[in-house]
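Before any comments, here is the structure.
Owing to the predicted nature of the structure, the values given are computational and were not obtained by experimental measurement. In the text below, chain A, chain B and the rest are named by the order of the sequence lines, each starting its count at 1.
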Amino acid sequence: MSEGTESAALAELAKRRGFFFGSSEAYGGVGGFYTYGPQGAALKSNVEEAWRDRFAVQEGNLEIEAPTIMPEPVFEASGHLDGFDDMLVECAECGESHRADHLIEDNSELEDAETLSPEEAAEKIAGLGLVCPNCGAELAGQSVEEFNLMFGTNIGPGSKTPGYLRPETAQGIFVEFPRIKEYARNRLPFGVTQVGRAYRNEISPRKNIVRTREFTQAELEQFIDPERDEPDLSSVEDVEVRLYPATEQQADDGDYLDITIGEAVDEGIVANGWIGYYLGIAQEWYEHIGVDMERFRFRQHLPGELAHYAADCWDAESEVDGDWIEIAGFAYRGDYDLSKHGEHADDDFTVFQQYDEPKTVERAVVDPDMATLGPEFGAQAADVAEALETLAERDPDAFDADEVTLDIDGEDVTVDTDVANFSVETQTEAGEHITPHVVEPSFGVDRTVYTLLVHAYEQDEVDGEARTFLSLSPTIAPTNVGVFPLVSNVDELVDLADDVAEELRAAGFAVVYDDSGSIGRRYRRQDEVGTPFCVTIDRDGIEGAGDTTVTIRERDTGRQVRVPVDSLVETFVGLRAGTTSFDDVLDANEVVEA
RNA sequence: GCACCGGUGGUCUAAUGGUAAGACAUUGGCCUUCCAAGCCAAUUAUCUGGGUUCGAUUCCCAGCCGGUGCACCA
């Protein structure tokens, strides 16, 4: 396919065949929201299930499901609210957008420009005669636009409890960390996954389901002790990946690096072993579900591209119409998330790590005599006691004197040293509280579905007629099997086809039964939704001596094989799981000549 | 959000200041055939609002939706 037409052709097919289409079209439509039709919903569900199996079940990770709405303080802690009141002003000359509040603060005495209304900010800009930092043009007269990337709402009656639709599923995991760590029995490392919706009020949704305002993420937060926990790379060290490191992107003749995970980690190209581990798993998973690995790469974020908290980040990218789209991100987030919640929330976001050997330490402690401090200092007594403890840790020598001087709310207070009951004790420390670091593989499910569809979209020619088909993997194809009586006016064929469809459905397959029109037309319908196999019941199969047989047709090649009807379920179980290939079925049965 | 372009049955296209044509698809019937067969019939459309006009799907304005570029994507 030539560039630029692939996604258009797919969008047309997606609408017509029930994969996805714009939502609420009956009411004029709404930007950035899509509805998955029957085929799309099934495909997406299969992708999610495949992800869940690989990243939660196979890894022994813990899956949770948190609400999509969380109260405001969560996002104060996470930093998502910072961008809430951002004001943008666009230069009419060069088109560059600037943060209006920052411009004003940089050029005036004002320090809280963020609190201005957009109208006030626009007046300030005009009043101060501000110019575009990029090209120097006057900004006066330009309107100031406010943008909120989070959807806000109110929780309960009235508007006393503001809340937001989560802009990423990750916060649901971080916020519940104190309880999850208990569930995990306080033993690092452990991973927590969540598949769910996230919401961003995008300024400009684009490229159909690639950037929407409501989307599905599959996220994994791997919690580790950076001092102790190393991933076991043995299962992925030989996995070959195509890397596009920052150094190559910056080089004039930058190129991809085809390399194994083991080498990439050894050579420090992928600096963190955990990131390397998940790149390897992701590589295999994408291949398994049918991403075209010739149109796939891992691209490292450039230094300027990194979020302020991320030490390193790699994106999985797939190629569509000549553009690369981000379909997953693998970020080393350090202890940023849990530290932030630890500071803002009441709960404890640390894990107690026991030392291999308990440590013996000498520690200066005080045991203030409150019976004396209470009457003497009244309401300040507790502060005095606390100040004594702090002083003991910081400057034990101060207790050598007869009295110590403390700073209580800016006031010097003198206390007899005796009252403090100062001593140096020998203590045994069994371990320490650490804030776990986070490695975050985060997958965009919708973009993965889109990639699968685009990469599966193929056209060929059968008997001089163009044919369109989706070469989806049997593992994730939304419809597993089409079942057709060759003709619809022979009761024996129709009855047997009904029985076959029913039996396959009972065995857990998504089956489409179709007896309308010509057989070729029915094959084409299934080709367009990527149904990998069709079963046709014909006269040859039910007449004459011997077992009743039917034919199975393979979507991509049109090859057919005649198999006993009794073997269908077993055959399709193998074909769907990928443990049997169609060639295996051909070898074991009678091939039908075209 | 800005700029440019576009919006006609389910889909893809045509045409038009005088009430919309075709293909494919869909449904029913005939036929019964392993790759979109044929024949007969049927269903289905001018994005929304305002303006100009005797009359607007057509021209103008605004909005909505989509595409592309810019910006944004924490």
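The same atom, C1', is picked in B:rU46 and in B:rA21; the two are 13 Å apart, to the nearest Å. With both ends at atom P, the span from B:rU19 to B:rA25 equals 31 Å, rounded to whole Å. Taking the C1' atoms as reference points, B:rA42 lies 35 Å from B:rG49, given to the whole Å. Straight-line distance between the C1' atoms of B:rU43 and B:rC24: roughly 15 Å, to the nearest whole Å. A gap of 29 Å separates the C1' atoms of B:rA14 and B:rG50, to the nearest Å. The gap from the C1' atom of B:rG7 to that of B:rU48 amounts to 12 Å, rounded to the nearest Å. Comparing the same atom, P, in B:rA62 and in B:rC2 gives a spacing of 12 Å after rounding to whole Å. Nucleotides B:rC12 and B:rC5, compared at atom P, are 22 Å apart to the nearest Å.
For A:Thr153, there are no side chain to side chain donor-acceptor pair (under 3.5 Å) partners at least two apart in sequence or on another chain. In this structure, A:Tyr450 has no side chain to side chain donor-acceptor pair (under 3.5 Å) partners at least two apart in sequence or on a different chain. Every residue two or more places apart in sequence or in another chain was checked for a salt bridge (Lys or Arg N to Asp or Glu O under 4.0 Å) with A:Glu221, and none qualifies. Among residues two or more places apart in sequence or in another chain, the side chain to side chain donor-acceptor pair (under 3.5 Å) test is passed with A:Glu502 by none. Take A:Arg505 and apply the side chain to side chain donor-acceptor pair (under 3.5 Å) test, not counting sequence neighbours, and it matches no residue. For A:His301, there are no ring pair (Phe, Tyr, Trp, His ring centres under 6.0 Å) partners at least two apart in sequence or on another chain.
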Whether each nucleotide of nucleotides 33-47 of chain B has a protein heavy atom under 4.0 Å at its base (B), only at its sugar-phosphate (S) or at neither (-) is summarised, 5' to 3', as SBBBB----------

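Comparing A:Val490 and A:Lys15 by the nucleotide of RNA chain B whose heavy atom lies nearest to each, the residue mapping closer to the 5' end is A:Lys15.
If you measure from atom CG of A:Asn208 to atom C1' of B:rG66, you get 10 Å, rounded to the nearest angstrom. To the nearest angstrom, C1' of B:rU32 lies 14 Å from CD of A:Glu543. Rounded to whole angstrom, the span from the CD1 atom of A:Ile327 across to the C1' atom of B:rC73 amounts to 17 Å. In this structure, the CD atom of A:Glu12 is 17 Å from the P atom of B:rG7, given to the nearest Å. Taking atom CD on A:Glu168 and atom P on B:rC73, their separation rounds to 15 Å, with Å as the unit. One interatomic measurement links the two molecules: CZ of A:Arg200 to C1' of B:rC72, which rounds to 12 Å at whole-angstrom precision. Look at CZ on A:Arg211: it is 13 Å from C1' on B:rG1, rounded to the nearest Å. Taking atom CZ on A:Phe20 and atom C1' on B:rU11, their separation rounds to 15 Å, with Å as the unit.
Aromatic ring centres of A:Phe19 and A:Phe21 lie farther apart than the 6.0 Å criterion allows.
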May I have the list of side-chain donor-acceptor pairs in residues 25-39 of chain A shorter than 3.5 Å, sequence neighbours left out?
| unit_1 | atom_1 | unit_2 | atom_2 | d |
| --- | --- | --- | --- | --- |
| A:Thr35 | OG1 | A:Ser23 | OG | 2.8 |
| A:Tyr36 | OH | A:Asp446 | OD1 | 2.6 |
| A:Gln39 | OE1 | A:Thr479 | OG1 | 3.2 |
| A:Gln39 | NE2 | A:Thr479 | OG1 | 3.1 |

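Classified by interplanar angle (parallel below 30°, tilted 30° to 60°, perpendicular above 60°), the ring pair A:Tyr286/A:Phe443 is tilted.
Of the residues in residues 436-449 of chain A, none lies under 4.0 Å from RNA chain B by heavy-atom distance.
In this structure, A:Gly18 reaches neither bases nor backbone, as no heavy-atom distance under 4.0 Å exists between it and the strands shown. Backbone-only contact: A:Val30 has heavy atoms under 4.0 Å from sugar-phosphate atoms and none from a base.
Partner assigned to B:rC73 is none, using Watson-Crick or G-U wobble distances below 3.5 angstrom. When both pairing distances are held under 3.5 Å, B:rC59 makes a Watson-Crick or G-U pair with B:rG51. The pairing partner recorded for B:rG66 is B:rC5, the criterion being a Watson-Crick or G-U wobble arrangement whose two distances lie under 3.5 angstrom. In this structure, B:rA41 forms a base pair with B:rU27, meeting either the Watson-Crick or the G-U wobble geometry with both donor-acceptor distances under 3.5 Å.
Residues A:Arg555 and A:Asp527 are not paired through a salt bridge, judged by the lack of any N-O separation under 4.0 Å between the basic side chain and the carboxylate. Under 4.0 Å is where a charged nitrogen must lie from a carboxylate oxygen, and between A:Glu465 and A:Arg524 no such pair does.
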